[in-house]
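Fair warning: this is a prediction, and the values are worked out from it, not measured in the lab.
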Amino acid sequence: MRKITFLSTVVLCGLLAVSCMSPQQKIDSIAKKLNKDCPIEVGNGAGSIISAESLPEKTLKMNFQINSTLDLDEPTRAMLIEAMKTIFVSMADTDYLFKKIKKMEATVIVSIVTPNNEAMDIVINPDDFKNVEKVQLTKGGMDSEDNVQTILKTMATSFQKQLPMVDEETGIKTIDCYVERMTLVTVGELPDEFLEEVIEEGDSDTFVALLKQMMVEMIKEDPSMKYVVDKGVTVKYIYKKTDGSVFVEQDVSKADL
């Protein structure tokens, strides 16, 4: 007969304990995990989950603080409902905890608070997790160019507060972020040493191609960025030399994803 080691026994007991938990106990566990990790930044700096609560009937409530001031009029509320539902539903494809929520067919309440203390609740039902297309509105939501620009400005304002940002590995510094109609523009500065190495090795074309690939992958992995790009937004990256001259510009649109 095969012997079971002490470690295997511990692991087995742990798995059995989790499998024997009721759906409500699992929601309790998810809320505790989220609270341990809070604040959790969501949506490329647009806001953060600041706390979570387990509610009856398989319901998880997340308290979400938006970084930029928004007037919660009807168009903005419609925009937020669609945007936030899409972002959190999309997270069920990549985030372990949200995968569990989707599998349990739980309900999520996103309780939004703005810096000027306006509030609204967004309810994400199990059916929303089953089909992300159902949560996207046909009118009054993000399909309006004005509404797209509103959310872009919110993202840009939040991102600007974190600038300048320096990549520890390459030394590339992000120095600006702004919106031009349906384009989100970020400006970076390439350090002289980095540029000299690229030019010296004759890898300029390879670097530009790799840069585009990196930007595409980054957008695909960020639910909020992918969401706005899917809505027709172009993301432009401008990389400058330290003397201010432009070294390369790259655009990423929906066709690139």
Side-chain angles (χ1 to χ4, degrees), residues 23 27 30-31 34 37-55 57-114 118-155 158 182 184 219-233 254 257:
I27 294 293
I30 291 172
L34 288 171
D37 294 339
C38 283
I40 304 169
E41 185 178 297
V42 176
N44 198 36
S48 300
I49 301 171
I50 56 175
S51 64
E53 304 171 46
S54 175
L55 302 180
E57 299 181 6
K58 289 195 303 183
T59 300
L60 176 70
K61 180 179 179 181
M62 296 184 297
N63 298 306
F64 190 87
Q65 177 74 58
I66 289 181
N67 290 334
S68 295
T69 302
L70 290 173
D71 293 323
L72 296 183
D73 53 19
E74 285 306 312
T76 302
R77 285 175 181 271
M79 174 192 68
L80 282 173
I81 289 171
E82 181 181 347
M84 298 301 285
K85 277 192 174 186
T86 303
I87 289 170
F88 282 106
V89 167
S90 298
M91 286 174 67
D93 294 328
T94 57
D95 184 88
Y96 172 69
L97 291 180
F98 279 85
K99 283 181 179 180
K100 290 175 66 176
I101 291 170
K102 178 179 180 179
K103 186 176 181 180
M104 284 189 293
E105 297 190 344
T107 297
V108 175
I109 299 175
V110 183
S111 186
I112 293 177
V113 179
T114 68
E118 287 191 274
M120 66 177 290
D121 286 346
I122 297 173
V123 179
I124 307 174
N125 295 305
D127 284 344
D128 295 326
F129 282 104
K130 293 176 182 177
N131 188 352
V132 67
E133 294 179 0
K134 288 183 178 180
V135 309
Q136 297 185 0
L137 309 179
T138 56
K139 56 188 294 187
M142 283 289 291
D143 293 320
S144 161
E145 184 172 319
D146 288 341
N147 287 340
V148 174
Q149 290 179 10
T150 297
I151 198 68
L152 281 181
K153 289 175 182 176
T154 300
M155 293 171 67
S158 299
M182 293 287 285
L184 181 65
I219 291 172
K220 284 182 177 179
E221 293 173 3
D222 187 323
S224 62
M225 290 292 286
K226 187 177 184 305
Y227 177 70
V228 294
V229 171
D230 283 342
K231 289 294 183 180
V233 168
K254 185 177 180 179
L257 303 184

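Under the 3.5 Å distance criterion, the side-chain polar atoms of K58 are matched with a main-chain donor or acceptor of M104.
Here the closest heavy-atom approach between residue S51 and residue C38 is recorded as N-SG, 3.7 Å. Closest approach of S54 and A31 over heavy atoms only: N-CB, 3.9 Å. Scanning both residues, I50 and Q65, for their nearest heavy atoms gives CG2-CB, 3.9 Å.
Side-chain contact between I112 and I122 is present, with at least one heavy-atom pair separated by less than 4.5 Å.
Judged as a salt bridge (Lys or Arg N to Asp or Glu O under 4.0 Å), and not counting sequence neighbours, D121 has no contacts.
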**OP:** Take D230 and L257, measure what side chain to side chain contact (heavy atoms under 4.5 Å, CB included) needs, and give me the verdict at the end.
**Re:** CA-CA 9 Å; D230 283 342; L257 303 184; 4.1 Å; yes
**OP:** Take I49 and F88 through the side chain to side chain contact (heavy atoms under 4.5 Å, CB included) test and state the conclusion after the steps.
**Re:** CA-CA 11 Å; I49 301 171; F88 282 106; 4.0 Å; yes
Original post:
When you look at K102 and V89, which way does the side chain to side chain contact (heavy atoms under 4.5 Å, CB included) test go after all the steps?
Top reply: CA-CA 8 Å; K102 178 179 180 179; V89 167; over 6 Å; no
**OP:** Decide side chain to side chain contact (heavy atoms under 4.5 Å, CB included) for V108 and M62; before the verdict, give the C-alpha distance in whole Å, the side-chain angles of both, and the deciding distance to 0.1 Å.
**Re:** CA-CA 7 Å; V108 175; M62 296 184 297; 3.5 Å; yes
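With rounding to the nearest 0.5 angstrom, the OG1 atom of T59 is 12.0 Å from the CD1 atom of I124. Atom-to-atom distance recorded for F98:CZ and I30:CD1 is 8.5 Å, nearest 0.5 angstrom. Separating the CE atom in M120 from the OG atom in S111 is a distance of 9.5 Å, to the nearest 0.5 Å. How far CD1 of I27 is from CD of E53: 13.0 Å, rounded to the nearest 0.5 Å. Rounded to the nearest 0.5 Å, atoms CG (L60) and CG (L97) are 9.0 Å apart.
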